[in-house]
Structures are given as structure tokens and as C-alpha cells.
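When a ligand or atom number is given, it counts from 1 through the structure's own listing order. Just so it is clear, the values below take in all heavy atoms, side chains as well, and ignore hydrogens, waters and symmetry mates. Worth saying up front: this structure is predicted, and the values here are computed from it rather than measured.
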Amino acid sequence: MAKRNLSRRQLARIRHTQHERERRSERRGAEIETALEQGRLGAERRGRVRAHYGITLDIEDADEGRVVRCHQRANLPPLVTGDWVTWCPGPDDTGVVVAQQDRHSLLSRPDLRGNLRPVAANIDQIMVVFAVSPATPMALVDRYLVAAALSDIEPVLLLNKADLLAADDVYHRYLAEYEALGYRALKLSALQPLEQSLGPQLQQRTTVFVGQSGVGKSSLVNRLLGETIAVQEVSTATGKGRHTTTRAQLYHLPAGGELIDSPGIREFGLWHIDPQEVVAGFPEFVPHLGQCRFRDCRHRDEPGCALRAAVDSGQVLARRLKSYHNILASLCELNPHQRYE
Ligand SMILES: Nc1nc2c(ncn2[C@@H]2O[C@H](COP(=O)(O)OP(=O)(O)OP(=O)(O)O)[C@@H](O)[C@H]2O)c(=O)[nH]1
Ligand SMILES: [Zn+2]
């Protein structure tokens, strides 16, 4: 009985907190509208979302570089880290985001209920990090390539832990194969200075790092950011210091370029993909598609399969066709009631 009472009380407290938060947010929204109507806000400026904390955002001014804690007008869609916005300075070092500028790319991921939610915007390239130890299955790299292609963001393959590679390691060949397919590919070690090996590839664009656990993403990010990671996470608006947030955060790399990072982003590409879209990560298949004898060819052992013929003649790598089938099969496991092939 006592337990039930307690949980009821807890429930009431949670409801009360939620209600208070909503009221505060509504009040804040009304204040913003009044300030706008009365012309109490400063002139419009351009800025970029550095981080997102519930109803407030850290906006970095495009000209001055200062970071301002902002609310957003109620009529705006959900903004995410990396968004370019128009904002107006308000009183007490705060500001108001009044418009969202067009996005050229958007990363989304499903929430716990399976609804797709935006996570980060205006990303120019996805660094697909992989390694010989723990050995990354190439089908996983291919899966990231599918996800990157579907987001319309250029992937770059980054083979880390080059120091562990034997001269005749098969990973050298894998990398060369991707280069031959037209992908940009790098081979380096996070234990070595990165200015020459990785620096130029990061300049003048916004990058995210993805890849399986243990391949060295943290090592790369920490080495790239050095001391700046702690400093940049201090919000100038609150002065509260480092946020222990799992939300996406935008960092300026000391050697140039921007990095958006969060645990959620690092897992990018590992959730559901529409089976019909998998082929987007296999550009070399395109000339052969639609050439099979059967229109519904699954490219397995059907006679007259153009894709298999392309494998036999060396135009398509056998491992890439296998990878394609593996990805389809993994989607099937996620959703066993649907036929994907
Ligand atoms: N030999 C070698 N070890 C490396 C290199 N990069 C990272 N490591 C080591 O690999 C291990 C895993 O590195 P992390 O940076 O934690 O890997 P991660 O991808 O961030 O892993 P998660 O946080 O689990 O996603 C650590 O012990 C690193 O010291 C490298 O270039 N060479
Ligand atoms: Zn076929």
C-alpha cells in the first residue's frame, strides 16, 4: 500500500513538474512574441546551433563567434545542432531564434517509439571509421555507405590503427577497392599526429565520425580537439561548465573545420533502412540493374542474373554482392514478417 502511495505521489510530482515546464515555456513564448511586436529585440543576425538543451539552444553568432543561449519562436520546426538560423539578441545576454535557414543535409534517427527524429543538420561528410582490431566486417562498412548515400552526405572511409596492419594485410586491399569504386579513403593511426593525415580532409566542412565500438573514434576526436573539448562545452550564456549531455554538440577543430559529435551520431546507420534503398550504397551495381533475365531477380542463383555475371567477369566484387545480401538479411531479422527479396 505504502509503495503504491509513494508511486502515486511520485507520479503527481512528475506531472506537476511537466506542467510547470510547459507553463514556463508558454510564458516564455508569449514574452518572445511581445518583445518582437514591441521591437525590443536587437537586429537580426546569422548564427549556427552549437547544442540543443530542451527548450533552449546555444547559438554561435556567425560574425562575432560568441555563443548565446537562445529560446526559439514557437512557430519554428524543431531545430538541431548544425542548423543555420536567424536570431535576434534579447536582454541579459540571451537571444531569440526567429527563423531557420535551409538545410542541405539532415541526420535523423528513430526515437524509442520508432518515430524518426532529426539529430544534426548541415553535415558535409561522414567519416566511416574501421580497423583491423577489432576487425570491422566489411558488410558493416558497406552498411554505413548505404546510410550515407541515403542521407546524401559524402562518406569517407577511414582505416584507423594503421600501426597494427601487417604489410600484406587484407585491409590494404579493401581500402584500395573502395578507392577504385570512387570513394575517398584514408589510412592512418590515431596514435600519430593527425595534422597531415586527417587535417586537410576536415577543413572547411562539417564532419561526423561513425563506426563500430573500439575502432578509435574517441581517440581520433580527442586528439583532434585536444584541450578545446572542455573549453568549448562551457556555455558562455550559463557559465555552468561542462555539460554531461549525450546530445549532439558542434565543435570547432583548432586546425579548421567543424565536428558534430554525440553517442547517437556515432551509431548512425545501424538502424532501419528501407530494403529497396539498400542499393544506393552500391553504385557499381547500377549499370547491371534491370539487365537480369527475371524482372524480380534476387541476384542469388537465378539463371541469367546480370549482377552475378558482372561478378564472374570481375566488374563487381563478390564480397560487395555478398555484403548487399547480408544487409538485406539483417533487415529481415529486424522485421521478420516482411519479405525483402
Ligand atoms: N594501436 C592503436 N590503437 C588505437 C588506435 N586508435 C585507438 N586505439 C585504441 O583502441 C581502443 C579503443 O579506442 P576508442 O577511441 O575508445 O574507440 P571508440 O571507437 O571510440 O570506441 P567506443 O567509445 O566504444 O565507440 C583504445 O584502447 C585506443 O587506445 C590506433 O590508431 N592504433
Ligand atoms: Zn540478378
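Listed by chain and number, residues touching ligand 1 at under 4.0 Å (heavy atoms only) are N160, K161, D163, L164, S189, A190, L191, Q212, S213, G214, V215, G216, K217, S218, S219, R266.
For D152 and H104, the side-chain atoms include no donor-acceptor pair closer than 3.5 Å. Using modelled atom types and a 3.5 Å distance limit, the side chains of T136 and Q212 yield a donor-acceptor pair. In summary, the side chains of T86 and Q101 do present a donor paired with an acceptor at a separation below 3.5 Å, with no hydrogens or angles considered.
Around the Zn ion (ligand 2), the protein contributes the following N, O or S atoms at distances under 2.8 Å: C292 SG, C297 SG, H299 ND1, C305 SG.
Taking 4.5 Å as the limit, some side-chain heavy atom of T56 sits within range of a side-chain heavy atom of H71.
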Please report the C-alpha distance between R184 and Q125 in whole Å, then the side-chain angles of each, then the deciding distance to 0.1 Å, and finally whether the side-chain hydrogen bond (donor to acceptor under 3.5 Å, both in side chains) criterion is met. CA-CA 11 Å; R184 211 179 285 268; Q125 68 182 355; 5.7 Å; no
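Every ring pair (Phe, Tyr, Trp, His ring centres under 6.0 Å) that Y324 has, sequence neighbours left out, goes to F282, F285.
Evaluation of the salt bridge (charged side-chain N to carboxylate O under 4.0 Å, His left out) test over residues 158-171, restricted to residues two or more places apart or in two chains, returns none.
The 12-atom threshold is not exceeded at CD of Q196, counting heavy atoms of other residues, nucleotides or ligands nearer than 6.0 Å.
The hydrophobic cluster containing V119 does not contain L116, counting ILVMFWY residues as joined when their side-chain heavy atoms lie under 4.5 angstrom apart, directly or transitively.
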